[in-house]
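Beneath this line is the structure, given in structure tokens, with notes to follow.
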Amino acid sequence: MTALDVIKYIIDLGPAVFLPLVMFIIGLGLGLRPAKAFSAALTLGVAFSGIGLVIGFMFGAVGPAGQAFIERTGVSLTALDTGWTPAAAISWAWPYAVLMFPLQIAINLIMLAFGWTQTLNVDMWNVWHKAFYGALLLIMTGNLWVSFVVAAILVVMELKSADYTQRQVHKLTGIPGISVPHIMLLDIAYLAPINRLLDYIPGLDKVNVTPENLRARLGFLGENHVLGFIIGGLIALIGGKDVKTILATAITAGTALLLLPMVAKLFMQALAPVSEAATDFMKSRFKGKTFYIGLDWPVLAGNPTLWSAAIVLIPVIFGLALILPGNALLPFGSILLIEATIPVAVMVGGDLVRTIILGAVNAATKLYVATFFASAFTTLARDAGTAIPPEVQATSWLGLSSWGYVYHQFAAIFSGNFMGIIAVAVGVVLYWYYRGAMKKKEAELGQELAPATGD
Amino acid sequence: MSVPLILVPCGSGVATSMTVAEKLRSMCERRGLQVRVETTDFKGLQGVAKSARLIVSIAAYEKLDYGVPVVSGIPFLTGVGIDQAMDQIEAILKR
């Protein structure tokens, strides 16, 4: 038996067994006591088992309802939207996922040292996005080093995007010295030109709707269990199920959507030793220098626009899924699509009408992106040990970034598909436009805000 | 008297709020403050806010009134002004 055989044997044990092993070794390497390292490592295995359990539970209820929905309506929405939690789980299941920590940290430190970015990203949780796109592309193209290149490109784009939007974030939150290097904001790149077109619609900016009231009144619709109950019940209702089944499906769906983030918490708990060590390392390296501290998107969550727009968009997204030709995604787990509204809210500074209009555009795009990646996503979920019943033909995630498609086209070039150059070229042009558009906005805001200085 | 509850909300109650909560727990321990710290998400915060003595929010600037005091959680992420934030929390707890 060679060393390679041993590694293969360990990986074949499945992520719920293999990852705790890796985690235990990393924990010891970071100087944790063996007992603590063991506990954290085991928590990771528990997180995998737990999330698999809840996903199976969700599929068991929503799967048959979804199939009845397809048969009755004739609309072929064969890919069930699982929401972000399973996406994160399958990302951590990728054998190379842990390597995304040093990759992100190294790129960030290099860029800071050369003055190529002003953002020090201390958000170690969203490292999973790099693993997610890396894993997806590896399944689709079979080219490991391209996966790493794409992950690196994503790190760079997130940091640059955080720089571009820093003052806008300052204005929205009132908090100086922070920025948001989140993949969600990259959508601004293609939304910015469309936003410019909206300037030509007369009277659009005169419409004055305050998002606060909307959120206070309808906010409960966004709560996970309520949302699951409504959407799950709706799918069963359209599927022509009897009242008993509709109610049972609704309750199960509500349960699943409420439990998923609770179980996902275990991932964070298990990864805490690694992310804390990484964050401390990042902070200690650049003590006393001025930069923006890169944080996860919830710092924006106090803005009522992104929630209100997401709530308004719930029926819109459901309708779009039904009428858009070629869409195969049945929205469920992420139908409160803040991934669609957050970039717009940041770009337009919280204007509700624009956030709803552009949020709908973004959601429509995401339906297609999620459809595009459904097959690869399903394979990854299976590889991660998720039991997918026969009623569920495919799964995907509505929150997938449109850049995922560009990354795929980029990766395809290396497999000899030179048409990919077109998408990549468009991507580069759009990103350049994003830079210009935000720079203008940031310059305007610079006059308004006190000089923003970091720690 | 029951142990006062501090709620820490974020997007999903998973990532940012966990980081803030961890830091908050250890800081409270260091000051000898007996508290329970729980994470939640912004969507469900209105429903559970009343059960807390205070909220430590990374979006403390929001205009929604939860009926309990709100302290900024940003210092627990960036490390800047963390002692002032703890003073604020201690003052509310001892009120």
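Here is the naming used below: chain letters follow the sequence lines, and residue numbers restart at 1 for every chain. Just so we're clear, the structure is a prediction, and the values are computed from it rather than from any experiment.
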Gap separating the [atom1] atom of [X] from the [atom2] atom of [Y], nearest 0.5 angstrom:
| X | Y | atom1 | atom2 | result |
| --- | --- | --- | --- | --- |
| L77(B) | I178(A) | CG | CD1 | 9.0 Å |
| L295(A) | T78(B) | CG | OG1 | 7.0 Å |
| F42(B) | N303(A) | CZ | CG | 11.5 Å |

For this session: Would you mind checking which part of N126(A) comes under 4.5 Å of any heavy atom in chain B, side chain (CB onward), backbone (N, CA, C, O), both or neither?
Result: neither

For this session: Against chain B, label E276(A) side chain, backbone, both or neither, depending on which of its atoms sit under 4.5 Å from a heavy atom there.
Result: side chain

For this session: Among L227(A), V299(A), D296(A), single out the residue with the greatest number of heavy-atom pairs under 4.5 Å to chain B.
Result: V299(A)

For this session: Let me see the working for K43(B) and L336(A) under side-chain contact (heavy atoms from CB on, under 4.5 Å), right down to the final yes or no.
Result: CA-CA 11 Å; K43(B) 294 171 282 181; L336(A) 186 80; 3.4 Å; yes

Exercise. Which residue pairs pass the side-chain hydrogen bond (donor to acceptor under 3.5 Å, both in side chains) test with at least one member in residues 85-95 of chain B, sequence neighbours excluded?
Worked result: R31(B)-D87(B), R31(B)-E90(B), E90(B)-K94(B)

For this session: Please flag which part of I74(B) lies under 4.5 Å from any non-hydrogen atom of chain A: side chain, backbone, both or neither.
Result: side chain

Problem set entry | chain A-proximal positions within residues 11-20 of chain B [heavy-atom distance under 4.5 Å] |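 The stretch touches chain A at G11(B), S12(B), G13(B), V14(B), A15(B), T16(B), M18(B), T19(B).
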
Exercise. Which members of residues 55-68 of chain B, sorted by number, sit under 4.5 angstrom from chain A on a heavy-atom basis?
Worked result: I58(B), A59(B), Y61(B), E62(B), K63(B), L64(B), Y66(B)

For this session: Determine which residues belonging to residues 259-267 of chain A lie within contact range of chain B, meaning some heavy atom pair is under 4.5 Å apart, and list them by number or answer 'none'.
Result: P261(A), A264(A), K265(A)

